[in-house]
K.L.:
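First, the structure itself, so that you have it in front of you.
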Amino acid sequence: MKLSVQKLYESFLQRFPQMIPCSEELSAAFETIVGCYAQGGKLLVCGNGGSAADTEHIVGELMKKYLCKRPLRTDLVEKIRALGIDNADYLASHLEQPLMAISLVSQTSLLTAIANDTSADMIFAQQVLGYGKPGDVLLALSTSGNSPNILNAINVARALDMTTIGFTGEGGGAILPLCTITIRVPGSITPDIQELHLPIYHLLCAMVEEEFFGCSS
């Protein structure tokens with residue numbers, strides 16, 4: 001972990017001391033996501049209700065700039081310019097290097113087709129099967145830890161040799177023995193749990209971005 005990343009982590013624990021019991025899992029989640037991206041992998045994210053909104057939020061922070069500038073790779077800039085198009089410099093200067101992440105809650109036609117033709121509890125599992133590969137990471141958010149569609153997605157990810165990270169409440173629920181890493185925030189009701197999930201994924205997005213793009217260095 002870079003010094004600048006460590007500072008982000010320590011600042012978070014100072015602001016949210018109630019998360020200190022989760023510090024080991026937070027570090028493990030960071031290392032897992034960094035390792036995934038370093039090997040060319042991607043992050044798949046899913047959740048229900050408010051956690052579905054969190055899913056979109058996470059992907060939005062990863063696929064473009066969050067806190068750091070993410071200039072395009074030099075070789076890609078040169079390839080764009082070599083196309084001879086009029087707006088090559090505009091494209092090169094306005095594109096940002098992504099950290100690949102896919103929200104599994106966004107494909108309306110696919111979600112409804114799976115729910116209607118197969119079963120509603122397979123809406124995420126089917127997508128994990130389609131998108132996932134060994135070395136990828138599934139980030140699954142469930143305040144109860146017991147959502148059947150989340151559990152099915154986790155088990156498919158396990159079968160594909162993916163790493164699984166669960167966000168849930170203090171009880172853990174059924175995902176606890178299934179996930180590679182489970183971050184259990186101190187809360188037992190949905191709003192309290194979701195309020196703590198947000199700063200956690202903001203932290204992880206900031207730490208991962210800092211590791212690769214170094215805006216604080």
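Here the structure is a predicted model, which means the values were calculated and not measured. Sequence positions, counted from 1, serve as the residue numbers for this chain.
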K.L.:
For the hydrophobic clusters of this structure (ILVMFWY residues joined by side-chain heavy atoms under 4.5 Å, transitively), does one cluster hold both Ile102 and Leu99?
P.N.:
no
K.L.:
For residues Ile150 and Leu141: do they belong to one hydrophobic cluster (side chain heavy atoms under 4.5 Å, members Ile, Leu, Val, Met, Phe, Trp, Tyr)?
P.N.:
no
K.L.:
Atom CD1 of Ile193 and atom CZ of Phe167: how far apart are they, to the nearest 0.5 Å?
P.N.:
13.0 Å
K.L.:
Ignoring hydrogens and angles, state whether a donor on the side chain of Gln14 or Glu10 is under 3.5 Å from an acceptor on the partner side chain.
P.N.:
no
K.L.:
Who pairs with Glu209 by salt bridge (Lys or Arg N to Asp or Glu O under 4.0 Å), at least two apart in sequence or on another chain?
P.N.:
Arg70
K.L.:
Quick one: are Phe213 and Lys69 in side-chain contact, heavy atoms under 4.5 Å?
P.N.:
no
K.L.:
Just to verify, what does Asn155 make a side chain to side chain donor-acceptor pair (under 3.5 Å) with, not counting sequence neighbours?
P.N.:
Arg158
K.L.:
Taking only residues two or more places apart in sequence or in another chain, which ones pass side chain to side chain donor-acceptor pair (under 3.5 Å) with Tyr9?
P.N.:
Ser27
K.L.:
Provide the full list of side-chain hydrogen bond (donor to acceptor under 3.5 Å, both in side chains) pairs with a residue in residues 169-185, sequence neighbours left out, each pair given once.
P.N.:
Thr164-Thr180
K.L.:
Please determine whether residues Leu178 and Leu44 belong to a single hydrophobic cluster, defined as Ile, Leu, Val, Met, Phe, Trp and Tyr linked transitively by side-chain heavy-atom distances below 4.5 Å.
P.N.:
yes
K.L.:
What's the spacing between Phe30 CZ and Glu25 CD if we round to 0.5 Å?
P.N.:
16.0 Å
K.L.:
Taking transitive links into account, so neighbours of neighbours count too, which hydrophobic residues share a cluster with Tyr66 at under 4.5 Å side-chain distance?
P.N.:
Leu67
K.L.:
Any chance you could measure Cys205, atom SG, to Leu8, atom CG, to the nearest 0.5 Å?
P.N.:
12.0 Å
K.L.:
Do Leu104 and Met63 sit in the same hydrophobic cluster, where Ile, Leu, Val, Met, Phe, Trp and Tyr count as joined when their side-chain heavy atoms come under 4.5 Å apart?
P.N.:
no
K.L.:
Any side-chain donor-acceptor pair under 3.5 Å between Thr143 and Gln194?
P.N.:
no
K.L.:
Under the salt bridge (charged side-chain N to carboxylate O under 4.0 Å, His left out) definition, can you give me all pairs with a residue in residues 99-127, not counting sequence neighbours?
P.N.:
none
